[in-house]
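Structure, as structure tokens:
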Number of protein chains: 2
Amino acid sequence: MHHNGHEDSNPSVTVDIVIFTIQKSSLKVLLVKRKYPPYEGSWAIPGGFVRYEEPLEDAALRELYEETGVRDVFIEQLYTFGAPNRDPRKRVITVAYYALISSENLVFRPDSEVSDVRWFSIYDLPRLAFDHDKILDIALKRLRNKIMYTNIAFQLMPELFTLTELQNAYEVILGRKLDKRNFRKKILSSRIIEKTSERKVEGRHRPAHLFRFLPSGMEKNNNKEELINI
Amino acid sequence: MHHNGHEDSNPSVTVDIVIFTIQKSSLKVLLVKRKYPPYEGSWAIPGGFVRYEEPLEDAALRELYEETGVRDVFIEQLYTFGAPNRDPRKRVITVAYYALISSENLVFRPDSEVSDVRWFSIYDLPRLAFDHDKILDIALKRLRNKIMYTNIAFQLMPELFTLTELQNAYEVILGRKLDKRNFRKKILSSRIIEKTSERKVEGRHRPAHLFRFLPSGMEKNNNKEELINI
DNA sequence: TCAAAAGTGTTGTGTGTACACCCATGT
DNA sequence: ACATGGGTGTACACACAACACTTTTGA
């Protein structure tokens, strides 16, 4: 690693990946605690250097896999951040991605306070290293925007889910309540889910129907998105 | 310039900028003819290396200025392209931008066939170097999408303009006709333009009123955009 | 007086939104 | 029987789309 970047006319290139999931009715992002300077001890978005022969998206998927053990995940390029002083050591240009993963897919769930990788509620974030607060902010805006006219929210859901669970996902992401009847009308009329014969029995009340996404030529976690309107 | 990139663990970083304008009722992009290999003699989107201490957007603005002589232009980051083999010499990651410039602002208008920099209609493009056809395609999609819910089309217009001229700009970008009455209703109700006392006399027919954009806290070419709906 | 573009309203259709009650189940 | 969340329909406001004629000017 060069610490005197000026001898190298090329900036370094990294990928950073904002990983979202929903846990306990809360939208969470995965952060890692930095072990070395700069920003030692601060929390940061996972990321790392792009290998010489590695496509950018592959680098992002590799980082994602290293942190979460999850493959076959929806990711999308977000924005490229290149302020000359965003890393105090040398010029580092980072291509930011965001990912949505279903909490059922999590191989390990870094929850404990002692771990150096942890899920944080978007409403209870620590101070972040570098310009990562800006990256996270833009990722959240993109997610909130895109959930309104695409089906990306489905990437956050398990295989089978109830309409209330789906609505909760939307509400948690948007940070506001939605009307139950209007939501169901909209989702059902978009013909992207189908009712299964199964029900979810949970507590002493009427069981909910379970739904699944319609394959419709595109598979879940296929990195494809379809236009809908909520 | 290294020709053996493998000795340098860092990819090179460039910016490329898709420059749009409207000329003669046609949407045009600026292309430059390459003087050296690879792709010698092919047309390409203007671009160049990012200097070590230079913000990405500054690099894009610099390239834009070098090719067009225009400053204070609307530009927006588009996407970052980083396929390992997109440049046959070595790994080059390019951060693509797009720009909209009013043809009245053009200091020089590269029109002649002999020049090595020229405006091309988007419907009559030459074969492009590298992956520049993909970049241009994405830029055009973004422009067409964004024109529908922001005021960026105004960046393409002169200081004073008629409603018919503005509608032509929309039609040329979208590649389809719009309804005159509905268009005027929409634009006028969005309260982002104001009628001036001047008229444009042109030909043997009724002169059109000239309009200008309302400052509304944000200046033209301020790289800000406002949400509207067309 | 004619050619050419400017300018102007209404109506139907569809979409978004607000809103309240009965149903099915477990305890 | 009751507590709990599941599930359902209607009415109103607004946005969008389709559509044709009159006005103003220069030649």
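Given the structure is predicted, the values throughout are model-derived calculations rather than measurements. Lettering follows sequence order; numbering is per chain, from 1.
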Between B:Asn168 and B:Ser25, is any side-chain donor less than 3.5 angstrom from a side-chain acceptor?
no
Quick check against the 3.5 Å criterion: does A:Glu159 have a side-chain atom that pairs as donor or acceptor with the backbone of A:Arg212?
no
Side-chain donor-acceptor contact under 3.5 Å, A:Glu76 with A:Tyr98:
yes
When we call it a touch if two heavy atoms are under 4.0 Å apart, what does B:Thr164 touch: a base, just sugar-phosphate, or nothing?
sugar-phosphate
Answer yes when B:Glu171 and B:Arg176 have at least one side-chain N-carboxylate O distance shorter than 4.0 Å, and no when they do not.
no
Ring-ring centroid check A:Phe161 A:Phe213, cutoff 6.0 Å
yes
DNA chain C: B:Asp179 or B:Glu165, which has the more 5' nearest nucleotide?
B:Glu165
Closest non-hydrogen contact found for A:Leu64 with A:Thr68 is O-OG1, 2.7 Å
Of residues 196-212 of chain B, the positions that come close to DNA chain D - non-hydrogen atoms, cut-off under 4.0 Å:
B:Gly203, B:Arg204, B:His205, B:Arg206, B:Pro207
Cation over ring, A:Arg181 on A:Phe183, under 6.0 Å and within 45°?
no
In whole angstroms, the gap separating C1' of C:dT8 from CD1 of B:Ile187 amounts to 17 Å
Start and end of the DNA chain D segment that chain A contacts, any atom under 4.0 Å from a heavy atom
D:dA3 to D:dT10
Would you call A:Asp58-A:Arg62 a salt bridge at under 4.0 Å N-O?
no
Assuming nearest nucleotide by heavy-atom distance, tell me which of B:Lys180 and A:Lys180 is located more 5' along DNA chain C.
B:Lys180
Only one of A:Thr14, A:Val15, A:Ile93 passes side-chain contact (heavy atoms from CB on, under 4.5 Å) with A:Val50, and that residue is A:Val15
Which protein N or O atoms sit under 3.5 Å from an N or O of nucleotides 10-14 of chain C?
from   : atom 1 : to       : atom 2 : distance (Å)
C:dT10 : O4     : B:Lys185 : NZ     : 3.0

Whether A:Lys200 side chain and A:His209 backbone form a donor-acceptor pair below 3.5 Å:
no
